[in-house]
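Input: a single structure, listed below in structure tokens.
Quick note: residue numbers are just sequence positions, from 1. Counting starts at 1 for both ligands and their atoms, following the listed order.
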Amino acid sequence: MSYVDEVIELVTKKNADQPEFLQAVKEVLESLRPVVDANEELYRKEAILERITEPDRQIMFRVPWVDDQGQVQVNRGFRVQFNNAIGPYKGGLRLHPSVNLGIIKFLGFEQIFKNSLTSLPIGGGKGGSDFDPKGKSDREIMAFCQSFMTELAKYIGADMDVPAGDIGTGAREIGYMFGQYKKIKGIYEGVLTGKGLSYGGSLARTEATGYGLLYLTQEMLKCNGMDMKDKIVCISGSGNVAIYATQKAQQLGAKVVTVSDSTGWVYDSEGIDVALLKEVKEVKRARLTEYAAARPSAEYHEGRGVWSITCDIALPCATQNELLLEDAKQLVENGCKAVAEGANMPTTLEATEYLQKNGVLFAPGKAANAGGVATSALEMSQNSERLSWSFEEVDSKLQGIMVNIFHNLDAAAKRYGKEGDYVAGANIAGFEKVVEAMMAQGVV
Ligand code: NDP
């Protein structure tokens with residue numbers, strides 16, 4: 001049995017109850033076959049694949065807090081510190097009722113390769129809780145965040161582990177967590193990223209993931225003889241990534257016609273009105289029905305359906321496993337030319353393979369959405385030197401990073417005879433750097 005198959009079998013046995021983690025491990029290891037086969041003896045002796053699929057540590061803890069009725073609530077908190085071969089652990093905190101250890105492990109595992117791809121010195125980690133911020137008052141959010149950080153503070157630090165936002169964790173939550181960390185530790189340091197601008201945040205961090213997604217997509221199109229101008233784009237989600245992806249796509253001359261949330265989706269034939277979308281989602285924290293009610297050109301539909309709309313480019317920006325095989329078939333049938341993942345693992349394995357086999361350019365999330373973590377690393381740099389860079393400076397560094405990521409993964413794919421397979425390219429380019437650092441640092 002090949003080394004890759006052996007490790008997939010081992011990981012499957014050890015983590016049978018974690019389907020998302022297994023999905024991510026299989027996807028990565030399958031695409032690393034050419035590299036692993038070329039170095040099989042050495043990697044096997046060093047147990048590189050066993051080590052890279054086992055987190056350095058997994059922390060789980062109780063998060064008790066009091067709701068507005070005086071009732072004590074208990075949630076479960078997680079931080080998985082996966083691999084710090086190339087820098088301090090870095091990765092977001094997800095607050096969503098679906099969160100469990102397997103989901104945090106899948107995200108932390110992906111983060112290792114994503115962070116490596118940025119060329120910045122950051123290792124892989126992820127955390128969160130099964131707490132649902134929806135419908136909670138500000139006071140309840142603060143009570144949860146303070147309790148969560150009271151425990152998490154023991155395990156993080158500016159040179160150790162620097163969490164950030166993710167689904168359900170925006171500027172408000174990061175602010176409350178930062179305040180509690182400072183209160184407990186008495187240190188003013190860049191321990192979290194995604195902070196407000198008045199206390200160490202970076203300009204352009206809010207926009208970074210969505211903008212970065214478009215910078216990479218644009219480069220991928222350019223290298224394949226196309227561009228964004230006049231393209232019809234379907235986007236899913238209507239959170240941080242989706243909003244700024246929509247904004248940048250429209251700045252680049254495309255027309256974005258859909259957005260969605262967990263209850264429904266909108267088709268807007270005139271193109272999404274970003275200002276209205278921001279008002280509904282960022283200010284009112286309301287449902288998309290409010291967008292549709294305020295916009296005559298928009299239709300609201302319950303449930304899923306974004307990928308049924310004819311488009312040139314599809315950008316899934318909501319959550320994992322939201323673009324299925326049947327959606328991929330529909331996209332191909334409708335003439336879609338490119339899919340780039342704004343969310344983490346939004347496309348299932350079968351859907352990805354179908355798209356690639358049918359000539360659709362496919363940029364995986366670990367490359368395409370790396371702009372968020374890259375800009376978080378730029379926030380860390382600014383905090384370390386106690387300076388703030390201008391929006392233009394950060395944005396131009398972000399553009400450079402995303403273009404560079406695309407060329408790195410393109411080159412890695414070509415090096416192993418997989419030209420145009422950007423999934424393999426991203427995994428290989430991210431993996432090679434981490435493995436080199438792991439080998440140099442010995443068995444630790
Ligand atoms: P937000 O919480 O701001 O938005 C998430 C969006 O996805 C919302 O529109 C939400 O709808 C929708 N959504 C969430 N869960 C589901 C579900 N189960 N089914 C359907 N829709 C769902 O998160 P972000 O925009 O920050 O993150 C989106 C994705 O991008 C995630 O996969 C995240 O890991 C990834 N990502 C984010 C980065 C960042 O910088 N923010 C960086 C890199 C990756 P509703 O409001 O109804 O819940």
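- For a heavy-atom separation below 4.0 Å, the residues in contact with ligand 1 are R94, H96, K114, K134, D166, I167, G168, R205, T209, G237, S238, G239, N240, V241, S260, D261, S262, R287, C317, A318, T319, G342, A343, N344, N369.
- Donor-acceptor pairing under 3.5 Å is lacking for the side chains of N369 and E341.
- L49 and T53 make their closest contact through O-OG1, 2.7 Å (heavy atoms, listed as atom of the first residue, atom of the second, distance).
- Geometric assessment of K136 against the ring of F131 yields a positive cation-pi assignment under the 6.0 Å and 45° thresholds.
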Name every donor-acceptor pair, under 3.5 Å, that has one atom in a side chain of residues 397-408 and the other anywhere in the protein, sequence neighbours excluded.
residue	atom	partner	partner atom	Å
H407	NE2	E219	OE2	2.7

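- In this model, a donor atom of one side chain and an acceptor atom of the other lie less than 3.5 Å apart for N383 and K195.
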Is there a ring-ring contact (aromatic ring centres under 6.0 Å, His included) between Y188 and F178 once you walk through the steps? CA-CA 9 Å; Y188 206 108; F178 182 75; 5.3 Å; yes

